[in-house]
Amino acid sequence: MADIAEDVADGISRLADWDQWFAGLTFARGIGPDELAARLGALPGVRLGPLGAHEAWGMVAETVDGDGVARVGRWGGWSFAVEHGLPAGAERLAEVSRDGVEAVHLDPQPDRPPKQFAYARDGELVCCFGLGEECWRGGHRPDFLLPELIAAGVLTPDGACARPPGEPDADRDRRTLAVVERRFGLSLPRHLIADTPLPAYVTCTR
């Protein structure tokens, strides 16, 4: 699958200002979109016709509890999955990243903030944290992004929160997403998340 034409103005930091970001996003570098879907638990032999977000959400309502629908494509050198329903990327990121692959998962958590970030590489969860909770980091290398978070004014050199009191949530999220955007070169325009029909798969997190 060829890359869809790129637009450098579509960095993921802009997601902080979009109140319609409801779907999980999983990015993988080193595999194609169909393989990404397979590693997310796509049901064998079940590839749906190209779906936009509205149709994908409709399909979620027809799946078994715990399943979701992933719309996949490629953008900016990364394969991506827009995950409607329960995002498999949250549970399967280490599996997605096996055999030298890099994988990033962003979960908007519209019902249970904060938004979540995770990065895995070569079968291992490297680091993860909630946006606005960067002082509480997990993974095998929780300080992987610490220098960038310090430089952006998100954390102090000792890893404590450096954000100004009362900072609006959108400003807070934009600052951290900009760190992730620069570190990994991630971008994805809103029309791919919301409107453009993309190849789709039913994914199982069980």
* Sub-4.5 Å side-chain heavy-atom contact between Glu83 and His105 -> yes

* **Salt-bridge contact Glu167-Arg172 (side-chain N to carboxylate O under 4.0 Å)** => no

* **Chi angles and distances behind the side chain to side chain contact (heavy atoms under 4.5 Å, CB included) call for Val104, Leu186** => CA-CA 9 Å; Val104 173; Leu186 289 177; 3.8 Å; yes

* Under 4.5 Å between any side-chain heavy atoms of Leu192 and Phe80, yes or no? -> yes

* Can you tell me if Arg71 uses its side chain to pair, donor with acceptor, with the backbone of Leu51 under 3.5 Å? -> yes

* May I have the step-by-step check of side chain to side chain contact (heavy atoms under 4.5 Å, CB included) for Leu188 and Phe27, ending in yes or no? => CA-CA 10 Å; Leu188 193 64; Phe27 301 84; 4.2 Å; yes

* Heavy-atom side-chain proximity of Arg183 to Leu145 below 4.5 angstrom -> yes

* Are a donor atom and an acceptor atom from the side chains of Glu181 and Ser187 found within less than 3.5 Å of each other? -> no

* If we only count heavy atoms from C-beta on, is the Val96 to Leu36 side-chain gap below 4.5 Å? -> yes

* Asked: If only atom types and distance count, is the side chain of Glu55 paired as donor or acceptor with the main-chain N or O of Gly52 below 3.5 Å?
  -> yes

* Taking 4.0 angstrom as the limit, do Arg163 and Glu134 come out as a salt bridge? -> yes

* Shortest non-hydrogen separation from Ala120 to Ser97 and the atoms involved -> CB-OG, 3.5 Å

* **For Ala23 against Val82, the heavy-atom pair lying closest together** => CB-CG1, 3.7 Å

* Asked: According to the interplanar angle, ranging from 0 to 90°, do the rings of Phe184 and Trp78 count as parallel (below 30°), tilted (30 to 60°) or perpendicular (above 60°)?
  -> perpendicular

* Starting at CG of Leu177, measure out to CZ of Arg182 and round the result to the nearest 0.5 Å. => 11.0 Å

* Asked: Is any side-chain N of the basic residue among Glu95 and Arg98 closer than 4.0 Å to the acidic one's carboxylate O?
  -> yes

* Asked: Can you check whether Leu25 reaches Ile12 side chain to side chain, under 4.5 Å on heavy atoms?
  -> no

* To do: Answer yes or no: is there an ion pair linking Arg175 with Asp171, defined by an N-O contact shorter than 4.0 Å?
  => no

* Mind checking whether Phe144 and Tyr119 have ring centres under 6.0 Å apart? -> yes

* **Residue pair His84 / Val60: nearest heavy atoms and the distance that separates them** => O-CG2, 3.4 Å

* To do: With the side chain counted from C-beta on, respond yes when Val72 and Leu40 share a heavy-atom pair under 4.5 Å apart, and no when they do not.
  => no

* Asked: For the atom pair SG (Cys135) and CG (Asp158), what is the distance rounded to the nearest 0.5 Å?
  -> 10.5 Å

* How close do Leu125 and Ala118 get, heavy atom to heavy atom, and via which atoms? -> CD1-CB, 4.1 Å

* To do: May I ask you to test the Val126-His140 pair for a side-chain heavy-atom distance under 4.5 Å?
  => no

* **Given Leu106, Leu93, Asp107, the one that forms side-chain contact (heavy atoms from CB on, under 4.5 Å) with Pro87** => Asp107

* **Heavy-atom check, side chain of Thr203 versus side chain of Val69, under 4.5 Å** => no

* Structure fact -> Note: Gln116 and Leu131 closest approach over all heavy atoms is C-CD1, 4.3 Å

* Lys115/Asp173 ion pair, N-O < 4.0 Å -> yes

